[in-house]
S.K.: 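Below: one structure in structure tokens.
Residue numbers run from 1 in the order of the sequence given. Whatever order the structure lists them in is the order used to number ligands and atoms, beginning at 1.
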Amino acid sequence: MSQTQLPALRIGLAGLGTVGLGVVKIVQRHGDLLAARAGRKVEIVAVSARDPKKARGVDLSSYAWESDPVALAKRGDIDVFVEVMGGHEGPARLATEAAIAAGHDVVTANKALLAHHGHALALSAEAAGRVIRFEAAVAGGIPVIKALTEGLAANQIRRVIGVMNGTCNYILTRMEATGQGYNVLFDECAKLGYLEADPNLDVGGIDAGHKLSLLSAIAFGTQVSFDAVELEGIQNVSLDDIGLARDMGYRIKLLGVAQMTGRGLEQRMTPCLVPADSPLGQLQGGTNMVVLEGDSVGQIVLRGAGAGEGPTASAVMADVMDLARGTRLATFGQPAASLAQPIAAKTATPAAWYLRMTLLDKPGALAKIATCLGEAGVSIDQMRQYGHPGANAPVLIVTHKATREDIDHALGHFAGTGVLVGAPVALRIEEV
Ligand code: NAP
Ligand code: HSE
């Protein structure tokens, strides 16, 4: 059979929100282009959402309606089940499992589902000869899954690093640009509709942690291990830290880092300082950036929209087009049964640290702090004391490379010096 005689690829679409409607619009707008590129038509057969009466601004009249996404997933007249409802349990999980059991391929934008159940779903899909693709789940419109799985397939990946939550990057860059505090900008994000239904997924670093865990699995050939990601959100990043970091030539980012070390797999999603003039340091607003480092290719920088109707639907449809063309890759780039059980690194790679504190301005105060650091084996690289009207002096220290444990050990002794006012802030400075 020649390519043009192939039957249409038939989609069952579960979810008609931001992403689902974007998928509908691409299929309706670009029908000829998709058919020309895939060598066959790509069409939506049936859809599902909660509210059948909701006005959605697109013509859905030619699609069958299923009020139950599990029923949609089981339909005999679809080839691929596209899941864009969200949530790591409930309908998304049940319908995805049902689609695989019914013999359908799955395309999903749901990072939470895969971060929690990706390995089990990949095993069952592969046992059934089915494929799960999830380009849209990580960094929206950026083709990072494709880059890792295909473009860099012959590389040993050294490190994956990036900004993977646009909302957090928007808040942090707007704090610097406007001088407005975290709470004001959180409210602005709520008004703009940027926040997930549970905003803690964004600002708590969880959403970005989900994404990092999926990239780790592909990069290092390991089972998804979201529970092992060290997570810290941006809620406590202050305007003071943003300003002082800038004075030292840095910007604060919610940064994901995954690397395989001799101590095991390191996965972190935490606020970090990066050089202001680096590509990551220059990243503004809601944009995402993922940096991939391979032994042969060196460093690759991918930048683009991490969310939104068009970019996310573009990524969903890239996966659909792969299936239409007959490209069938294992979920995490190699057979799921061959993915290793990762050993989580108990200690992180040493780094330079930014330490901000307020000290009583009296003789010997700095010496006491320096002694705590020295006794913990932490060496000072730079130190600044800022002008101040009262008796309390803002002090900033940048250390040479040290482990988190040594930093914590030193901080633990700061309180006993009697010169510390309030709690110190410690942020890792990442080499990028
Ligand atoms: P959304 O706008 O909230 O849309 C969710 C859709 O799912 C709605 O159409 C909703 O129906 C439907 N739905 C929810 N529960 C359902 C159920 N029990 N049965 C049937 N339909 C149900 O969400 P979204 O922003 O499009 O996100 C969808 C997925 O893509 C999520 O996994 C998200 O994390 C991921 N994602 C989103 C973006 C983005 O920019 N938005 C980017 C990357 C990844 P009703 O419309 O009737 O309420
Ligand atoms: N809430 C996510 C973000 C969008 O702000 O990046 C989808 O992943």
S.K.: Just jot down the ligand 1 atoms closer than 4.0 angstrom to any heavy atom of Pro69, in number order.
M.R.: 19 (N), 20 (C)
S.K.: Answer side chain, backbone, both or neither: which part of Asp51 comes under 4.0 Å from ligand 1, heavy atoms only.
M.R.: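 Under 4.0 Å from ligand 1, Asp51 contributes backbone and side-chain atoms.
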S.K.: Nearest protein heavy atom to atom 11 (O) of ligand 1, by residue and atom, and its distance?
M.R.: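 Nearest protein contact, heavy atoms only, for atom 11 (O) of ligand 1 is Arg50 N, 3.1 Å.
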S.K.: Identify which of Ala49, Ala137, Ala14 has a heavy atom lying nearest to atom 21 (N) of ligand 1.
M.R.: Ala49
S.K.: Kindly identify the option in Pro52, Ser67, Gly86 whose heavy atom sits closest to atom 32 (O) of ligand 1.
M.R.: Gly86
S.K.: Heavy-atom contact check, 4.0 Å cutoff: does Ser48 meet ligand 1?
M.R.: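 Heavy atoms of Ser48 do come under 4.0 Å of ligand 1.
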S.K.: Is it the side chain, the backbone, both or neither of Ala109 that has a heavy atom closer than 4.0 Å to ligand 1?
M.R.: both
S.K.: Got the closest protein heavy atom to atom 37 (C) of ligand 1, with its distance?
M.R.: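 It is Val19 CG2, 3.5 Å.
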S.K.: Strictly distance-based, threshold 3.5 Å: is any side-chain N or O of Glu126 a donor or acceptor partner for the main-chain N or O of Ala336?
M.R.: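 Present.
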S.K.: Check whether Asn155 reaches the backbone of Val297 with its side chain - one donor and one acceptor, N or O, closer than 3.5 Å.
M.R.: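 Such a contact is found between Asn155 side chain and Val297 backbone.
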S.K.: Out of the candidates Asp79, Asp105, Asp77, only one should pair with Arg10 under the salt bridge (Lys or Arg N to Asp or Glu O under 4.0 Å) rule; please name it.
M.R.: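 So, applying the salt bridge (Lys or Arg N to Asp or Glu O under 4.0 Å) to Arg10 and each of Asp79, Asp105, Asp77, only Asp79 qualifies.
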S.K.: Report yes or no: do Glu83 and Thr96 form a side-chain donor-acceptor pair below 3.5 Å?
M.R.: no
S.K.: When you check the side-chain N and O atoms of Ser61 and Asp59, is any donor under 3.5 Å from an acceptor?
M.R.: yes
S.K.: Is the count of non-hydrogen atoms from other residues, nucleotides or ligands lying under 6.0 Å from Asp32 atom CG greater than 12?
M.R.: no
S.K.: What protein heavy atom is closest to atom 5 (O) of ligand 2, reported as residue, atom name and distance in Å?
M.R.: Thr167 OG1, 2.6 Å
S.K.: Contact between ligand 1 and Gly308 is defined here as a heavy atom of the residue under 4.0 Å from a ligand atom; is it met?
M.R.: yes
S.K.: Decide if atom CD of Gln156 counts as having more than 12 heavy atoms of other residues, nucleotides or ligands within a radius under 6.0 Å.
M.R.: no
S.K.: Above 12 or not: heavy atoms from other molecules or residues under 6.0 Å from CD of Glu431?
M.R.: no
S.K.: Considering heavy atoms of the protein only, find what lies nearest to atom 7 (C) of ligand 2 and give residue, atom and distance to 0.1 Å.
M.R.: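 Scanning the protein heavy atoms, the shortest distance from atom 7 (C) of ligand 2 goes to Lys111 NZ, 3.2 Å.
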S.K.: When you look for heavy atoms under 4.0 Å from ligand 2, do you find them on the side chain of Asp207, its backbone, both, or neither?
M.R.: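 Side chain only.
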S.K.: Could you check atom 4 (C) of ligand 2 against the protein and tell me its nearest heavy-atom contact, residue, atom and distance included?
M.R.: Ala307 CB, 3.5 Å
S.K.: Among protein heavy atoms, which lies nearest atom 42 (C) of ligand 1, and at what distance?
M.R.: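 Heavy-atom neighbour on the protein nearest atom 42 (C) of ligand 1: Thr312 OG1, 3.3 Å.
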S.K.: Between Tyr194 and Tyr170, what is the ring plane arrangement, given parallel below 30°, perpendicular above 60°, and tilted in between?
M.R.: perpendicular
S.K.: Nearest to atom 25 (O) of ligand 1 by heavy atom, Thr18, Leu13, Asp207: which?
M.R.: Thr18
S.K.: Among all protein heavy atoms, pick the one closest to atom 46 (O) of ligand 1 and tell me residue, atom and distance.
M.R.: Arg56 NH1, 2.7 Å
S.K.: Begin with the C-alpha distance, continue with both residues' side-chain angles, and end with the deciding distance and a verdict on salt bridge (Lys or Arg N to Asp or Glu O under 4.0 Å) for Glu230 and Arg404.
M.R.: CA-CA 12 Å; Glu230 178 191 337; Arg404 169 94 233 185; 5.0 Å; no
S.K.: Using a strict 4.0 Å threshold on nitrogen-to-oxygen distance, state whether Arg428 and Glu232 make a salt bridge.
M.R.: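 Answer for the salt bridge query: no.
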S.K.: Which of these, Gly140, Ala95, Gly17, has its nearest heavy atom closest to atom 1 (P) of ligand 1?
M.R.: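 Residue with the shortest heavy-atom distance to the ligand atom: Gly17.
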S.K.: What do we get for Pro91 next to ligand 1 when only non-hydrogen atoms under 4.0 Å count, side chain, backbone, both or neither?
M.R.: side chain
S.K.: Between the side chains of Lys211 and Asp207, is the shortest nitrogen-to-carboxylate-oxygen separation below 4.0 Å, so that they form an ion pair?
M.R.: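 So Asp207 pairs with Lys211 through a salt bridge.
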S.K.: Should the heavy atoms of other residues, nucleotides or ligands under 6.0 Å from NZ of Lys401 be counted, would the total exceed 12?
M.R.: no
S.K.: Any nitrogen or oxygen of Glu196, side chain or backbone, less than 3.5 Å from one on ligand 2?
M.R.: yes
S.K.: Is Ala92 touching ligand 1 with its side chain, its backbone, both, or neither, if touching means heavy atoms under 4.0 Å apart?
M.R.: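 For Ala92, no heavy atom sits under 4.0 Å from ligand 1.
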S.K.: Verify side chain to side chain donor-acceptor pair (under 3.5 Å) between Gln259 and Thr349, making sure each step is shown before the conclusion.
M.R.: CA-CA 9 Å; Gln259 57 191 343; Thr349 302; 3.3 Å; yes
S.K.: Identify the protein heavy atom lying closest to atom 6 (O) of ligand 2, giving its residue, its atom name and the separation to 0.1 Å.
M.R.: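 Heavy-atom neighbour on the protein nearest atom 6 (O) of ligand 2: Gly166 N, 2.7 Å.
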S.K.: Less than 4.0 Å is my threshold; does some heavy atom of Glu309 fall inside it relative to ligand 1?
M.R.: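 So Glu309 does not count as touching ligand 1.
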S.K.: Only heavy atoms of Ala307, strictly under 4.0 Å: list the atoms of ligand 1 that pass.
M.R.: 40 (O)
S.K.: Give the residue and atom name of whichever protein heavy atom lies nearest to atom 13 (N) of ligand 1, and the separation in Å to one decimal.
M.R.: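 Atom 13 (N) of ligand 1 sits closest to the protein heavy atom Met85 CG, 3.9 Å.
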S.K.: Measuring from atom 9 (O) of ligand 1, which candidate in Leu16, Val23, Val70 has the nearest non-hydrogen atom?
M.R.: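 Heavy atom nearest to atom 9 (O) of ligand 1 belongs to Leu16.
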S.K.: Measure from atom 28 (C) of ligand 1 to every heavy atom in Leu201, Val138, Val84 and give the option owning the shortest one.
M.R.: Val84
S.K.: Below 30° counts as parallel, above 60° as perpendicular, anything between as tilted: where do the rings of His116 and His88 land?
M.R.: parallel
S.K.: Return yes when Lys111 approaches ligand 1 closer than 4.0 angstrom through a heavy atom, no otherwise.
M.R.: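 Under 4.0 Å: yes for Lys111.
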S.K.: Out of all atoms in ligand 1, which are within 4.0 Å of some heavy atom of Ala136? Include the element for each.
M.R.: 43 (C), 44 (C)
